[in-house]
2 protein chains.
Amino acid sequence: MSGNAKDKKLAMRPFARSLPMQLLRAREALMQEFRPHLREHGLSEQQWRVLRALAEAGSMDINALGEMCQIHPASLSRMLPNLEGEGRIERRTSRQDQRYVIVSITAKGKSLFQRVAKESEQIYASIEQRIGSRELKTLYELLDKAIRVAPEQIESN
Amino acid sequence: MSGNAKDKKLAMRPFARSLPMQLLRAREALMQEFRPHLREHGLSEQQWRVLRALAEAGSMDINALGEMCQIHPASLSRMLPNLEGEGRIERRTSRQDQRYVIVSITAKGKSLFQRVAKESEQIYASIEQRIGSRELKTLYELLDKAIRVAPEQIESN
DNA sequence: GCCAGATACTTAACATGTTAAGTTTATGGA
DNA sequence: TCCATAAACTTAACATGTTAAGTATCTGGC
């Protein structure tokens with residue numbers, strides 16, 4: 001007995017060859033290095049993604065922000081008032097189309113971003129060194145491909 | 001202006017070259033194919049991971065289950081009573097060491113697992129075809145490496 | 001045997017993920 | 001113009017993620 005449940009043949013590949021599982025595992029392993037660092041600055045992982053997206057791409061509406069951060073618009077609706085209350089972002093209604101809410105980063109938010117970014121880049125560099133530049137590049141390419149070959153997001157209405 | 005915030009130089013690599021972000025993005029893209037399928041069987045993504053782990057590796061304690069499923073023991077403590085109430089798993093206190101809770105899958109749970117597994121494997125096969133067997137193999141190897149090179153989980157007490 | 005510390009788990013509190021329903025504003029055709 | 005529909009967002013409800021604190025059990029040194 002090697003530990004498998006009664007050594008019965010399973011109708012499925014081993015868990016360790018589940019691609020979603022390994023993607024999650026790899027991500028969790030990496031985030032363990034970033035999380036304490038974000039925590040020191042009082043930022044959740046999701047709040048950091050929002051600041052980073054806005055710092056990089058400028059102001060945008062909720063849906064675009066959600067796509068870029070991979071955070072559901074409903075979650076953003078709940079998070080953004082807090083970030084706004086802390087003076088890190090701003091929200092305003094679009095003048096052309098009042099259905100849109102335009103989100104942008106404040107000077108205070110950008111300042112925080114710059115500080116956190118500097119330390120994050122050091123962690124990235126360390127990770128890149130351990131994985132290897134060439135292999136990391138291949139990994140990015142394969143992830144891009146996995147994202148490309150997946151079906152488009154379907155609005156099921 | 002290409003959309004970048006005032007074309008200012010950022011203190012950080014582009015968001016699309018954030019490894020945690022691309023891992024999340026790839027995972028979300030794949031899960032979009034699995035989620036509706038799990039939903040038809042009334043299973044959350046996390047419940048499915050639990051059943052799969054138990055079907056594959058047999059009974060185990062909360063911490064081992066959490067490690068295998070990448071679900072925090074605190075979340076398991078909350079989830080497992082539901083799965084138990086539905087008759088899909090069983091829990092018992094270890095006789096040797098009463099601190100341990102041993103979790104196992106029931107016949108009913110295994111039957112559900114077998115049904116879902118069959119359909120999941122078809123989705124896997126489709127994904128493997130689109131990514132390519134060789135590239136998928138490389139992807140698994142690189143993910144394994146990323147997991148290996150990350151620091152061990154630290155119990156910060 | 002006793003007790004301080006460690007271990008395994010649970011509970012609680014709050015943030016986020018997820019889905020469905022509700023609100024406001026735009027749009028396009030009769 | 002009017003109205004049905006759609007689009008963008010918000011709100012609500014419940015599940016899960018995350019951290020800290022609490023409870024029960026065990027271990028090892030005395």
Separation of C/dT7 atom P from B/Y100 atom OH, nearest Å, is 9 Å
*Do the charged groups of B/R35 and B/E28 touch, with an N to O distance under 4.0 Å?*
yes
Ranking B/V101 and A/R95 by the position along DNA chain C of their nearest nucleotide, the one closer to 5' is B/V101
Out of D/dT25, C/dG17, D/dT19, minimum distance to the side chain of B/D97 belongs to D/dT25
Under 4.0 Å between a Lys/Arg side-chain N and an Asp/Glu carboxylate O for A/K137 and A/E141?
yes
With distance as the sole test, does B/K118 use its side chain to make a donor-acceptor pair with the main-chain N or O of A/M12 at under 3.5 Å? no
In whole angstroms, the gap separating P of D/dG17 from CG of B/L24 amounts to 13 Å
| said: Between B/R13 and A/E56, does any side-chain N to carboxylate O distance fall below 4.0 Å? | reply: no
Query raised in the report: Can you find a side chain N or O atom of A/R91 that sits less than 4.0 Å from OP1 or OP2 on D/dA8?
Result: no
Nearest-nucleotide check on DNA chain C, A/Q47 vs A/Q96; residue mapping nearer the 5' end is A/Q47
Per the under-4.0 Å heavy-atom filter, residues of residues 75-83 of chain A near DNA chain C come out as A/S75, A/R78, A/M79
Residues at least two apart in sequence or cross-chain that pass side chain to side chain contact (heavy atoms under 4.5 Å, CB included) with A/D144, listed by chain then number, are A/R148, B/R17, B/Q22
Rounded to whole Å, CD of B/Q32 lies from C1' of C/dT19 at a distance of 14 Å
Within residues 34-46 of chain A, those residues having any heavy atom closer than 4.0 Å to DNA chain D are A/R35, A/R39
Picking from D/dT25, C/dT19, C/dA26, the nucleotide nearest the side-chain atoms of A/A74 would be C/dT19
Rounded to whole Å, the CE-P distance (A/M31 to C/dT16) equals 13 Å
Between CZ of A/R99 and C1' of D/dA6 the distance, given in whole Å, is 8 Å
Whole-Å distance, B/I102 CD1 to C/dA8 C1', equals 11 Å
Strictly below 4.0 Å, N to O, side chains only: are A/R27 and A/E45 in salt-bridge contact?
yes
Next item on the list: Using a strict cut-off of less than 4.0 Å between a Lys/Arg side-chain nitrogen and an Asp/Glu carboxylate oxygen, indicate whether B/R92 and B/E84 qualify as a salt bridge.
Entry: no
B/D61 CG to C/dT10 C1', in whole Å, measures 15 Å
Problem set entry | Any donor-acceptor N or O pair under 3.5 Å, side chains A/R134, A/T138 | no
- [ ] Answer yes if the side chains of A/E128 and A/S133 hold a donor-acceptor pair under 3.5 Å, and no otherwise.
- [x] yes
Atom CD of A/E28 and atom P of D/dT16 are separated, to the nearest Å, by 16 Å
Check the phosphate of C/dC9 against B/N63, side-chain N and O only, distance under 4.0 Å to OP1 or OP2. Yes or no? yes
